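So that we are looking at the same thing, I have put the structure below in structure tokens.
Side-chain atoms are counted along with the backbone in the values below, which use heavy atoms only and exclude waters and symmetry mates. Since the model is a prediction, treat every value here as computed from it, not as a measurement.
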Amino acid sequence: VKEKRKDFMTVCGPVLQRQSWFYDGALANPATVLRVLHGEACESVPRVIRCAGGCKVFLIMDTHGWHVAPRDLWFARLPHETPRADRTRWYGHEDDAMKLEVGGDVADDGEPQAIPFAGANITGPSGLEFDPRADRYYLLFRDQYFSAFSKLKQDGCTAIVTVNVWCASGGFSDLFNSTEAMRRRLPVAMLSATSAFLPAGASLPKHVWASLARLLPGRTESSSTRERSTATVGDWLRAARAADDAEQDEEAEQEEALYESLGMEAPPPSVGRSRLVCGGSAPHPVCGLPLAEFFPVQVADNRSA
């Protein structure tokens, strides 16, 4: 945890000091995330994303999550639950939610989204760290993510980069292969730490920050000046993905060698490999955007470009 915080503060510390974008404690709940992304401020969440005239958004979330079968529900879990006053806005009426099928909120029309209960017919509930039915208001569902990104685009956002670090987070990336997602051409580049059905490792954030520090213009790390000046968002995310996958492969090889030394057969891989989706409208998808254009703040010397 200390290493993650150090990496995070190295890159984003100056931005946090200037902007004070910080919600902690009970405000670390799904409604806060959705309010910020939708631009819906309230007394407890006064600072949200305003995209008048265009904006670019970077979102990294390192938390828990899972997939519930057979209803095909993917979700991330936040530390605190959505306040009662916000539940109808983001989850709809409970009676409606009990009747809905999955995906009912993808075509978000601005009305309260009725999110299905996640607790019906759970396969292998002993493998979960929490009960999705009881914890419904702690959960951020992938269709809520999709709708939030649609709202950002509608408000004028030109590029969104999101990094998902939780178990089964690849299911969030897979949604962007759907017909509806491709039709909307959302300006999203999404890197998930694992596939749609496997647990996630914990190393992806480290490689995201390290690759950004190496490739972002104005930094003094080992990358050549040319590499930094020509690096794109896609270069950054692919470098982070490759480094993370290499670390997971090395750990898997070590585990296999250990089982072999004990004369035992190694179990199937328990951690998935990262998944990258690059969206946006051709010929300028988000992954082709120059990194210096996506991050105009020169974090090396704390000056704004």
Side-chain angles (χ1 to χ4, degrees), residues 1-11 59-70 72-79 118 121-132 135 138-140 142 161-175 177 189-215 221-223 234-278:
V1 173
K2 288 182 179 179
E3 276 190 23
K4 286 184 180 180
R5 179 174 176 79
K6 181 180 178 181
D7 292 338
F8 172 77
M9 292 305 297
T10 296
V11 177
L59 172 64
I60 180 169
M61 190 154 61
D62 190 350
T63 184
H64 295 285
W66 198 237
H67 162 264
V68 177
D72 286 338
L73 290 172
W74 278 268
F75 52 82
R77 185 183 192 274
L78 278 292
N121 301 319
I122 296 176
T123 299
S126 61
L128 297 177
E129 296 180 356
F130 47 87
D131 177 0
D135 287 2
Y138 288 79
L139 307 182
L140 181 65
R142 72 173 187 175
V161 174
T162 176
V163 178
N164 308 329
V165 189
W166 59 82
C167 295
S169 57
F172 280 58
S173 297
D174 288 351
L175 180 62
N177 293 322
M190 179 178 289
L191 178 60
S192 295
T194 184
S195 65
F197 301 100
L198 286 175
S203 57
L204 182 59
K206 172 182 65 177
H207 297 300
V208 167
W209 300 127
S211 298
L212 179 60
R214 179 172 60 85
L215 294 173
E221 277 72 8
S222 58
S223 290
D235 293 333
W236 163 43
L237 297 178
R238 282 187 284 269
R241 179 182 63 177
D244 186 56
D245 287 351
E247 181 168 338
Q248 298 301 332
D249 289 343
E250 182 179 359
E251 291 181 1
E253 290 173 2
Q254 292 173 350
E255 181 180 30
E256 186 175 353
L258 175 61
Y259 274 91
E260 185 177 349
S261 69
L262 296 173
M264 302 171 62
E265 183 178 351
S270 59
V271 175
R273 298 299 180 264
S274 52
R275 188 164 299 190
L276 175 63
V277 173
C278 290

Exercise: identify the closest heavy-atom pair between Pro199 and Thr194: O-OG1, 2.9 Å
Expected output: side-chain Ser192 to main-chain Asn164 donor-acceptor under 3.5 Å: no
Closest heavy-atom pair and its distance - Arg275, Gly170: CD-O, 4.3 Å
Aromatic plane relationship, Phe172 with Trp166 - under 30° parallel, 30 to 60° tilted, over 60° perpendicular: perpendicular
Residues Trp74, Leu175; criterion side-chain contact (heavy atoms from CB on, under 4.5 Å); working and verdict: CA-CA 10 Å; Trp74 278 268; Leu175 180 62; over 6 Å; no
Sole residue of Val208, Leu204, Leu191, Thr63 in side chain to side chain contact (heavy atoms under 4.5 Å, CB included) with Val165: Leu204
Pairs meeting criterion side chain to side chain donor-acceptor pair (under 3.5 Å) with involvement of residues 241-250, two or more places apart: Ser203-Asp244, Ser203-Gln248, Lys206-Glu247, His207-Glu247, Asp245-Ser274, Asp249-Arg273
Electrostatic pair Arg142:Asp174 at N-O distance under 4.0 angstrom: no
Nearest atoms (heavy-atom pairs only) where His67 meets Phe197: CE1-CE2, 3.5 Å
Separation of Ser169 OG from Trp66 CH2 (nearest 0.5 Å): 10.5 Å
Between CD on residue Glu256 and CE on residue Met264, distance to nearest 0.5 Å: 13.0 Å
Spacing of CG belonging to Leu78 relative to NE2 belonging to His64, to within rounding of 0.5 Å: 11.0 Å
Test side-chain contact (heavy atoms from CB on, under 4.5 Å) applied to Glu251 and Val271, step by step: CA-CA 10 Å; Glu251 291 181 1; Val271 175; over 6 Å; no
CD1 on Ile60 to OG1 on Thr162, rounded to 0.5 Å: 8.5 Å
Shortest non-hydrogen separation from Tyr138 to Pro79 and the atoms involved: CE2-O, 3.4 Å
Closest contact, heavy atoms only, Pro205 versus Asp62: CG-OD2, 3.5 Å
